[in-house]
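Below, each value reflects all heavy atoms present in this structure, side chains not excepted, and no hydrogens, waters or symmetry copies. Note that the coordinates shown come from a computational prediction; the quantities given were computed from them, not determined experimentally. Sequence lines set the chain letters: A, B, ... in the order given, protein chains first and strands last, and positions in each chain run from 1.
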Amino acid sequence: MSYSTEISRNNPGCFLFVIDQSGSMAQEYANLGKSKSSALADVINRMLQQLVIKCAKSEGVRDYYYVGVLGYGANSGVGSAFSKNVSQQSLVPISEIANNPARIEERRKKVSDDAGGLVDIVVKFPIWFDPIAEAGTPMNEAFRQANTIISDWLSKNPNSFPPVVIHITDGESTDGDPTKEMKALAAQAATDGNVILFNLHTNAESTNPVSFPGSKNQLPDYYSQMLFDASSPLPAFMRNVASKEFDLGLSEGAKAFVLNGNIDVIITAIEIGTRPSLQLR
Amino acid sequence: MAKYKYKGISIPKWGNDTEENEDSILVPVEVDNKFIRCAISDGATESSFSKEWSTLLVNSFIKRSFDKSKLRTTIKNLSGIWQKKVYSKNLPWYAHQKLETGAFATFIGLTINLKEKICRCVAIGDSTMFLIRENKLVFSFPITSSEEFGNTPMLFATNDRYQTDFACSVGYANVKANAGDIIVLASDAIAEWLFKKLENDRLSCFTIKNIMENNLEDFETWLANERQSGNIKNDDTTILFIKFE
């Protein structure tokens with residue numbers, strides 16, 4: 001049965017985020033008052049925080065996962081988007097991420113006071129990834145590098161749980177059609193199954209959003225159809241997470257693809273993509 | 001007074017060190033010359049300091065009351081002890097945040113009246129008690145078949161905010177044993193294996209006898225083979241046998 005390998009310290013899993021850092025990401029989400037790049041940075045930082053806490057035990061953080069965040073934007077090109085505190089390897093063990101946030105911010109959060117009211121509390125929010133939004137979208141080069149990163153990982157870890165790659169973008173490539181590189185990436189495989197490639201397109205206005213479709217019939221244009229074609233089908237365990245935790249009844253052919261998603265849909269997709277299929281060992 | 005023999009074993013999941021075993025076991029302890037008490041507890045993998053929690057639960061069973069009317073107070077007091085033990089100013093940010101959620105563990109405890117061989121059981125989660133007579137299952141609690149095991153059992157929590165209502169999650173049962181009966185307390189991985197053997201009538205008289213009489217090394221080898229074959233899940237494995245003579 002595919003996608004059933006145990007994730008352990010002897011056989012860790014990996015996540016690679018490929019993040020659009022082009023100039024258009026400076027645009028604000030309607031109703032949020034925050035730029036796409038800032039909102040996405042918060043989402044990635046929170047995801048890293050949750051992953052660290054999941055892997056934390058009494059003696060420290062166990063390296064169940066290696067994580068990479070590859071940013072792309074013309075002025076800074078393509079490269080690791082982690083702050084300088086974290087080593088600039090393509091995939092970093094989660095313990096190193098845990099011990100090297102760039103800083104820990106204090107943010108206020110409203111929680112229930114158990115008497116029907118809300119109170120402000122201060123929570124610590126570690127930061128590894130700062131928002132960047134600069135001109136240009138070298139998506140093709142980003143996926144060429146992603147292919148190399150995943151190929152290197154699989155050559156060293158052929159029996160790992162198949163890598164999950166989560167791509168988040170708000171626009172079209174400016175350095176050529178990335179289809180070939182995306183399809184090559186989704187075709188790479190561990191013994192337990194193919195790489196799972198999510199293509200998550202986000203839009204400031206979130207007009208006509210489409211989430212996890214099974215066909216491209218509803219998709220408006222060549223670009224969205226291209227992203228759909230290049231995305232992986234969601235494996236059964238991810239469809240189960242979508243159903244049990246997010247009330248999404250997804251058909252067997254549903255793809256790891258979102259079009260015109262707002263930040264909440266992007267968060268849901270990342271949650272689905274980063275749940276382990278089995279309990280961590 | 002009933003005479004009995006017992007054997008208690010706890011082996012960490014393959015790939016982990018002994019110190020990383022999050023199960024705890026209390027082998028039979030005599031109380032007031034009339035009763036014995038024993039227990040096992042399975043600490044949740046995704047919480048931290050769950051070993052400390054499972055150990056506190058089983059050790060406290062000797063003297064503290066787990067009766068319905070006093071259970072909330074008992075768990076609250078134990079939670080306070082756990083918090084004093086694990087919190088320190090030098091913990092890194094992620095340890096602090098993980099400790100806010102707290103630790104979780106299953107629990108099953110037996111109080112056995114040695115004169116009448118009546119066993120009173122209290123349980124939360126999927127650690128299971130079996131009463132076996134002539135290699136047949138007479139009684140099990142709280143799980144009744146191999147199909148009931150899943151990944152999200154009810155648990156005792158150190159943080160009251162995450163504690164399920166005891167009325168729905170903690171069970172109590174009584175059963176009477178006979179001479180020659182075997183009582184087993186087992187954590188979920190080996191409990192599920194035992195159910196499958198009993199359901200398929202494949203529990204040979206040699207299996208339990210072998211486990212009780214062989215040395216620890218032989219049991220570890222047997223367990224490694226069963227895990228390798230996929231017959232037993234790779235998880236911390238704890239089992240306590242009590243045989244009435």
Side-chain angles (χ1 to χ4, degrees), chain A residues 1 4-12 45-46 48-65 85 94-107 109 111-114 121-128 237 240-241 244-245 275-281, chain B residues 12-22 42-55 82 85-88 90-105 126 149-153 155 158-162 187-189 227-228 230 232-237:
Chain A
M1 191 172 71
S4 59
T5 302
E6 273 184 355
I7 293 173
S8 67
R9 282 166 291 178
N10 292 327
N11 198 28
N45 283 316
R46 192 177 312 122
L48 289 170
Q49 177 189 28
Q50 286 169 351
L51 206 56
V52 164
I53 290 170
K54 190 186 276 289
C55 297
K57 301 296 288 181
S58 324
E59 76 280 2
V61 174
R62 292 187 181 173
D63 285 328
Y64 292 124
Y65 294 107
N85 285 38
I94 194 72
S95 61
E96 184 178 329
I97 293 171
N99 292 319
N100 293 287
R103 60 190 183 279
I104 297 188
E105 290 182 356
E106 291 192 347
R107 296 191 178 181
K109 175 169 122 164
V111 297
S112 164
D113 62 3
D114 292 331
I121 61 165
V122 173
V123 292
K124 291 190 190 296
F125 192 62
I127 302 290
W128 292 275
F237 80 91
N240 285 340
V241 168
K244 284 187 184 155
E245 296 195 33
R275 286 275 192 284
S277 74
L278 299 171
Q279 196 177 47
L280 295 175
R281 296 289 178 202
Chain B
K13 58 185 73 143
W14 180 84
N16 282 8
D17 296 330
T18 305
E19 308 82 62
E20 294 171 337
N21 183 351
E22 288 162 327
D42 178 354
T45 298
E46 294 207 359
S47 58
S48 63
F49 296 104
S50 51
K51 171 69 175 185
E52 284 76 358
W53 183 229
S54 69
T55 302
W82 177 86
K85 205 174 166 62
V86 304
Y87 268 97
S88 95
N90 298 325
L91 288 175
W93 69 266
Y94 49 80
H96 266 291
Q97 292 191 8
K98 189 130 190 180
L99 287 177
E100 279 163 18
T101 307
F104 300 84
D126 56 6
F149 290 96
N151 275 336
T152 51
L155 303 163
T158 56
N159 186 334
D160 193 53
R161 181 186 253 187
Y162 301 107
S187 60
D188 60 326
R227 283 170 172 171
Q228 184 80 7
I232 295 182
K233 280 184 201 157
N234 182 24
D235 194 2
D236 295 334
T237 297

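A/K54 and B/E46 make their closest contact through NZ-OE1, 3.6 Å (heavy atoms, listed as atom of the first residue, atom of the second, distance). Annotation for B/S48 and A/A56: closest pair CB-O, 3.9 Å, computed over non-hydrogen atoms.
B/E19 does not touch chain A: none of its heavy atoms, backbone or side chain, sits under 4.5 Å away. Only the side chain of B/E52 comes within less than 4.5 Å of a heavy atom of chain A; its backbone N, CA, C and O stay farther away. Contacts between B/S47 and chain A at a heavy-atom distance below 4.5 Å involve the backbone alone (N, CA, C, O). Only the side chain of A/I104 comes within contact range of chain B, with heavy atoms under 4.5 Å apart. Residue A/E59 touches chain B through its side chain alone, counting heavy-atom pairs closer than 4.5 Å.
In this structure, B/N16 and A/R9 have side chains that are in contact, with non-hydrogen atoms separated by less than 4.5 Å.
Here the side chain of A/K57 pairs a donor or acceptor atom with the backbone of B/T45 at under 3.5 angstrom. The closest donor-acceptor contact from the side chain of B/W93 to the backbone of A/A98 lies under 3.5 Å.
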- Under the side chain to side chain contact (heavy atoms under 4.5 Å, CB included) criterion, do B/E20 and A/R62 qualify, and how do the steps go? CA-CA 12 Å; B/E20 294 171 337; A/R62 292 187 181 173; 3.5 Å; yes
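Within 6.0 Å of the CD atom in A/E245, the count of heavy atoms belonging to other residues, nucleotides or ligands exceeds 12.
Here the OG-NZ distance, from A/S58 to B/K98, works out to 9.0 Å after rounding to the nearest 0.5 Å. Between the OH atom of B/Y94 and the CD1 atom of A/I97 there is a distance of 12.5 Å, given to the nearest 0.5 Å.
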